[in-house]
There are 2 protein chains.
Amino acid sequence: MSPANQDQEERLFTRKWRWLKALPEMLKAKACEVSANTKKIAQDDPRRVIHSAKVGLALTLVSLFYYYQPLYDNFGFSAMWAVMTVVVVFEFSVGATLGKCLNRGLATLAAGALGVGAHHLASLSGHIGEPILLGFLVFLQAATSTFTRFFPKIKARYDYGLLIFILTFSLISVSGFRDDEIIELAHKRLSTIIIGGLACVIITIFVCPVWAGEDLHNLIAVNVERLANFLEGFGDEYFKTTADEECTDGKSSLGEYKNVLSSKNTEESLANFARWEPRHGHFQFRHPWKQYLKIGTLTRECAYRIDALSGYINSDVQVSLEIRSQIQDSCSKISLECGKALKEVASAIRTMSIPSSANCHVSNSKTAAKSLESLLRSGLWENAELLAVIPTATVTSLLFDVVKCTEKIVDSVHELASMAHFKTVDHTVSPEKEEVPHDIEQLKPVPKIDSPHVVITVYGPTSAAFPENGTPPRATNTTE
Amino acid sequence: MSPANQDQEERLFTRKWRWLKALPEMLKAKACEVSANTKKIAQDDPRRVIHSAKVGLALTLVSLFYYYQPLYDNFGFSAMWAVMTVVVVFEFSVGATLGKCLNRGLATLAAGALGVGAHHLASLSGHIGEPILLGFLVFLQAATSTFTRFFPKIKARYDYGLLIFILTFSLISVSGFRDDEIIELAHKRLSTIIIGGLACVIITIFVCPVWAGEDLHNLIAVNVERLANFLEGFGDEYFKTTADEECTDGKSSLGEYKNVLSSKNTEESLANFARWEPRHGHFQFRHPWKQYLKIGTLTRECAYRIDALSGYINSDVQVSLEIRSQIQDSCSKISLECGKALKEVASAIRTMSIPSSANCHVSNSKTAAKSLESLLRSGLWENAELLAVIPTATVTSLLFDVVKCTEKIVDSVHELASMAHFKTVDHTVSPEKEEVPHDIEQLKPVPKIDSPHVVITVYGPTSAAFPENGTPPRATNTTE
């Protein structure tokens, strides 16, 4: 062995040895990371832990089926369909579970009947014709059902049902070729699926239920509140003269609104699930879930403006303090009043009461916007350098937009309140009471204006951002 | 019978009769609507029709299994697992199908082995202990696996695998209580799943394959192009003085960018699928799909700005024509050059070549931005009313943002080009050739500037809109 080779081998050995020595450390670090992750996921939403236990419970219960002799004698091997149903159907929320159960049950029923029919038809066509006809029928229904799954409305609610339809039809019609007790097979499959489904439904509804409707309701309220938090803090943050250290502190609480930007999919799937749910808590069976989506869309539109606004906080350009101080009062007032209106609206959603004082805050913010407008009209800054004015002008313009968005949100929550029969709350109960100026307008809704609120009707960049029905167009080539 | 009652009955009858007479019309209208819908869905993406036929074909092929005596003798009732696998696993794109196949196969293997182990362990613990121990093990693994599904990274790629893991473990360990040929059951389940999976994989890859990676590649290019179309048309649209009729025409082609706003989920799922795909076409196995997501995020950030810009087209405020005409040239130049840069970049992605002239367009737009800046500095509008200037100022500020976004997009495409080894294209081949000014900077990348391009570094509202890794935070209470 040459010395070079030996040297190389030694180095390789050293490297391996080092890796081996570092291994326990690495494993320990990895384990720590995983456990920290686990803890975080459980703490973020403790219902996850409960859900996991519920799935385990349902599976164990259904397994009893297999153990218990008389039941097994009745169903035999088919009892496994019950186990399968539990695994596949048990979802996080009641609505999702119910939707899947109903989809699975009805699709099995329909496909079972059609499968038996197909089998009967095929058996009439002789020994050679039978497999050919069956194959053709399987092809036809699989292709048709698969294509039907591309319809967006059907995909949203009945996708799983169609999958089970294809599955059951194929199984029943194909296995019928071997097994003449086909009706018994269909019957067994259906009844075991019903047993599994019932176990899921009962456990999901009666053991710490997670209602998708309630989640949607809370999510919408939280999102509106996130915008409110930003707007209430914006004035101080934008016009502050304190040092940089405080910015970073402030930013974390102001940055909450970012979650709103991407909440569309969550809201839509929650609304889909909620429509399957029975009456629960304060929610009727036909609660106006669609209105929540509308509020969600408006909230997101407002969040886009706020996202633009947030870029001007801590921007490193030195706008002259003189200019800032001239508009400080009006801007802070606009932002604060919009924030209050949204906070009032959010708490109204939470308590399911009519947001009585929100309109008052909206009109306050409009008044502030008007006074800012006349300030600008008075040509106060004519001597300032235009370039220095632009950021401030943009902030002003965005704030006008925010007022418009806020008004829309308040209006849509009023619509929700009348649709869902929210109750009128006695004002001694309202926690917002102290802050609300008790002027004459308090309970009178602000009339819709198409009249000369020029500022507000003028700078609306994207009221046409989404089509009328509130759902942005999907990319057509989605493959989810 | 009283005359009133008779009258009422008659009216009821008339109403029913009318409804019955209208029924064929209504049915016809509904049928027309459905068929129009069907046609539209098929025309939007003809691959959907092919996919439906492929599913039918795969199912029919696997059904042969059942018909063919020797095979049936071998597998018996278990052959239905093959049918099931096809129905559940066959997805639109190759990547999704492969991912599900691998998940299903590996999970079945792992859970089967563990299930057999659990069964063996339980059988050692006596007649009474066996069901209790088995029940406990089923509960434990179901709860653990269900909880694991909440980890975002695992959910994205292995969700289906965990579902199948729970299913198989439960089935094997529970059915083992009855059936001592448990290893044979596990073996049959695994081999039929492999047969079903193989049928899917072969058909999905060799019959008109739909590659998720290719779709992602094209989607990104199309989205960049949509922004480019808007920017190229923006100058004319904003500064036009023609009548209103033309606006609506123009808007339809300018509105394309709206699809970009909500493309995040599609992009993410396509990227997830693409990672399962083998080498195909110009794409290697480890193509940098993550970089596409980065480009997608930057594109969306740019789209938010454009969304804001689009509100100022056709806004009903009468900005004085004098002001507009002063900035028209610079603004149009900025927007046009950004549009050209993006178009160049989009076509570079499409052809997988290095976007040679994009940097040149970016630096042109920067030059235009600089000249606009000095125009503003010169205080040209000092006599104008400030309120009238604000919308124009905002447009200017947004355009500066767009320049910044465009530069980021171009940079990230350059990164992609070097990661994925895009080829350098001979300029005689490039279709953009005629439009490209052949100046000295053409092939030299524009140096990154932290230096005094004040305008561009100043007005960036939301460069911090998303965290560093490019994926916006998810709402934590998602229940999808």
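Note that this is a predicted model, so its numbers are computed, not measured. Heavy atoms only: backbone and side chains are in, while hydrogens, waters and symmetry mates are out. Letters A, B, ... are given to chains in the order of the sequence lines, protein chains preceding strands, and every chain is numbered from 1.
- For the residue pair B:A142 and A:G56, the shortest heavy atom distance occurs at CB-CA, 3.8 Å.
- Rounding to the nearest 0.5 Å places OG1 of B:T60 at 10.5 Å from CG of A:L134.
- Residues passing the side-chain contact (heavy atoms from CB on, under 4.5 Å) test with A:A143, sequence neighbours excluded: B:S52.
- For B:I154, the side-chain contact (heavy atoms from CB on, under 4.5 Å) partners at least two apart in sequence or on another chain are B:T148, B:F151, B:Y158, B:L162.
- Counting heavy-atom pairs under 4.5 Å between each of A:L167, A:V88, A:L137 and chain B puts A:L167 at the top.
- Interface residue B:A42: backbone and side-chain heavy atoms are both found under 4.5 Å from chain A.
- At least one side-chain heavy atom of A:I41 sits less than 4.5 Å from a side-chain heavy atom of B:P152.
- Contact of B:T38 with chain A is made through backbone and side chain together, with heavy-atom distances under 4.5 Å.
- For chain B, the option among A:N37, A:V86, A:V49 with the highest count of heavy-atom pairs below 4.5 Å is A:V49.
- When every heavy atom of B:N265 is checked against every heavy atom of A:N265, the shortest pair comes out as ND2-ND2, 3.1 Å.
- Ring geometry for B:Y304 against A:Y304 counts as tilted: the plane angle lies between 30° and 60°, on a 0 to 90° scale.
- From B:E301, atom CD reaches atom CG of A:D307 across 8.0 Å, with rounding to the nearest 0.5 Å.
- At a threshold of 4.5 Å between non-hydrogen side-chain atoms, the residues A:M84 and B:M84 count as touching.
- Note that the CZ atom of A:F139 and the CG atom of B:L59 stand 10.0 Å from one another [nearest 0.5 Å].
- We find the CZ-CZ distance between B:F150 and A:R47 to be 9.5 Å, quoted to the nearest 0.5 Å.
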